[in-house]
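Encoded as structure tokens, here's the structure I'll be asking about.
Only this structure's heavy atoms are used, side chains among them; waters, hydrogens and symmetry mates stay out. Chain A is the first sequence line, chain B the second, and so forth, proteins listed ahead of strands; every chain is numbered from 1.
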There are 2 protein chains.
Amino acid sequence: MQFIIDHIDISEPLVVQFLTDLQNLMKLEHFEKNQKIHTAGSICDKIYFPQNGFLRAYYYKEDKDITAHFAGEGSSVAAIDSFIQRKKSRYNIEALEKCNAFTLSYQDIQELLAAHPVYEKYIRLFLEHIYIELAERIEDLVFNTAKERYEKLILKQPTLFQHVNLGHIASYIGISQETLSRIRAQK
Amino acid sequence: MQFIIDHIDISEPLVVQFLTDLQNLMKLEHFEKNQKIHTAGSICDKIYFPQNGFLRAYYYKEDKDITAHFAGEGSSVAAIDSFIQRKKSRYNIEALEKCNAFTLSYQDIQELLAAHPVYEKYIRLFLEHIYIELAERIEDLVFNTAKERYEKLILKQPTLFQHVNLGHIASYIGISQETLSRIRAQK
DNA sequence: GTAGTTTTTTGACATTTGTCAAATAGATTT
DNA sequence: AAATCTATTTGACAAATGTCAAAAAACTAC
């Protein structure tokens with residue numbers, strides 16, 4: 001839950017209550033390496049918070065597997081557009097390795113918010129947080145060359161490289177695996 | 001306010017009240033063509049909702065002017081990361097033509113939320129809405145070729161092309177003006 | 001430890017896009 | 001209408017990236 005706490009003033013007593021309530025709604029699930037957690041075409045009903053290991057959201061573009069998002073400890077993943085809009089998802093989610101993740105269901109969040117509307121604020125703050133992450137991602141894609149994107153990713157998520165194939169990283173930063181390989185060779 | 005209403009169930013009486021309160025906080029401002037509305041380096045204190053005409057958010061990358069976002073009627077613009085995080089903005093905002101826009105200040109929104117925490121939900125819904133727009137933008141950038149991005153933009157915002165220079169559109173879809181010109185010539 | 005599988009790298013070449021400079025077209029001002 | 005300014009297009013070439021095929025390296029399972 002670190003990522004939520006990070007952006008909220010935990011001196012508010014209400015926050016403590018909110019976090020406790022959230023914890024109680026979370027279930028710990030176990031996933032095997034390469035296990036599919038969510039499949040494109042269905043509605044995404046859960047957010048996943050990895051406790052260890054990495055999860056990956058991806059989709060297919062003309063048979064090519066493109067990574068949209070990685071989530072390790074302290075981060076989260078869901079087919080968020082599907083989760084929010086309750087419509088079919090284009091994303092798949094899979095475990096990149098044997099791991100555990102806390103899950104939080106759409107239903108449970110809605111009921112919690114309905115029961116405690118004062119918690120809306122924390123969901124808003126969470127959304128603000130992930131919105132800004134996305135905005136940074138766009139800047140990165142528009143602004144930077146492939147090489148710069150690669151170097152920024154190393155700085156920002158160094159642990160990623162011990163867990164994730166280079167092919168997935170390449171598609172995440174929007175280039176082919178071969179190009180990534182050549183960028184790496186340059187150093 | 002169309003964009004807010006679109007995504008909220010207006011049968012809730014509370015929503016009507018919320019919208020009324022928002023309206024009352026909004027101020028109508030007038031801008032001249034090419035007028036700078038917000039300057040990089042300062043904190044963005046307002047969201048702008050054009051009534052007519054187009055506004056543009058942009059930044060500089062190595063002296064090149066890059067458009068991050070267009071806003072016409074029914075849409076909105078702000079240096080949203082700055083607005084949310086209260087830190088200096090890298091974005092500039094300008095009017096692309098003589099126009100009027102409603103503005104909503106950070107201060108006023110905060111006070112409204114503090115006075116009526118039940119409204120948090122609507123801000124959350126608004127954030128969900130703009131989050132999804134951003135996610136679509138990323139997919140577009142990663143997924144599609146320059147030509148496809150151009151064609152999608154025509155479909156999605158046809159009016160844009162009557163108001164905006166091709167140079168701005170080119171930087172928005174992440175290509176040079178010359179490349180855009182060649183794409184257009186192909187048809 | 002060997003065989004088999006997957007991942008990563010490399011080579012050769014094609015394609016896309018960018019850059020710079022100049023030409024053209026379109027607007028605006030006088 | 002001419003002069004001026006701005007926006008757009010075009011040409012020539014350079015740079016970046018993609019594609020396909022094959023080799024090399026790393027990892028797995030027996």
* To do: Would you tell me if any nitrogen or oxygen in the side chain of A:Arg184 comes within less than 4.0 Å of OP1 or OP2 on C:dT9?
  => yes

* Asked: Quick check: does any side chain N or O of A:Asn92 sit under 3.5 Å from a backbone N or O of A:Ala40, one acting as donor and the other as acceptor?
  -> yes

* Nearest whole angstrom, please: distance from the C1' of D:dC5 to the CG of B:Asn34. => 14 Å

* Asked: Just to confirm, is there a sub-4.0 Å distance from OP1 or OP2 of D:dT17 to any side-chain nitrogen or oxygen of A:Thr179?
  -> no

* Asked: Among D:dT8, D:dG18, C:dT9, which is the nearest nucleotide to the side chain of A:Gln177?
  -> C:dT9

* In whole Å, what is the span from the CZ atom of B:Arg182 to the P atom of C:dT24? ->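 Whole-Å distance recorded here is 16 Å.
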
* Asked: Closer than 4.0 Å, any side-chain N/O of B:Lys64 to the OP1 or OP2 of C:dT19?
  ->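 It does, given that an N or O in the side chain of B:Lys64 lies less than 4.0 Å from OP1 or OP2 of C:dT19.
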
* To do: Using atom CD of A:Glu178 as one end and atom P of D:dA16 as the other, report the distance to the nearest whole Å.
  =>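 Atom-to-atom, A:Glu178 to D:dA16, this comes out as 18 Å.
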
* Does B:Tyr106 have its ring centroid less than 6.0 Å away from the ring centroid of B:Phe83? -> yes

* To do: Take atom CD of A:Glu97 and atom P of C:dT7, then tell me their distance rounded to the nearest Å.
  => 14 Å

* **Nearest to side-chain heavy atoms of A:Leu166, which nucleotide of D:dT10, C:dT9, D:dT8** => C:dT9

* Look at the side chain of A:Asn165 and decide which nucleotide, out of D:dT17, D:dC20, C:dT8, has an atom nearest to it. =>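 Output: C:dT8.
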
* **Minimum-distance nucleotide (side-chain atoms of A:Ala146 versus C:dG18, D:dT17, D:dG18)** =>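 Selected nucleotide: D:dT17.
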
* Asked: Does any N or O in the side chain of A:Arg124 come within less than 3.5 Å of the main-chain N or O of B:Glu120, such that one atom is a donor and the other an acceptor?
  ->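 Between the backbone of B:Glu120 and the side chain of A:Arg124 there is no qualifying donor-acceptor contact (under 3.5 Å).
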
* Output yes when A:Arg56 and A:Asp65 qualify as a salt bridge under the 4.0 Å nitrogen-oxygen rule, no when they do not. =>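 Yes, A:Arg56 and A:Asp65 are salt-bridged.
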
* To do: Please state how far atom NZ in A:Lys147 lies from atom P in D:dA16, giving the value in whole angstrom units.
  =>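 After rounding, the reported distance stands at 10 Å.
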
* Of B:Ile175 and B:Lys33, whose nearest nucleotide on DNA chain C comes first from the 5' end? ->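 The residue closer to the strand's 5' end, by nearest nucleotide, is B:Ile175.
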
* **Between C:dT9 (P) and A:Ile169 (CD1): distance, integer Å** => 11 Å

* Asked: In whole angstrom, what separates B:Tyr150's OH from D:dT8's P?
  -> 11 Å

* Are B:Asp108 and B:Lys27 close enough, and set up right, to give a salt bridge (charged side-chain N to carboxylate O under 4.0 Å, His left out), and what steps lead you there? -> CA-CA 11 Å; B:Asp108 286 347; B:Lys27 295 179 182 67; 3.8 Å; yes

* Asked: Quick one: A:Ile183 CD1 to C:dT9 C1', roughly how many Å, whole number?
  ->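 Value for this atom pair: 14 Å.
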
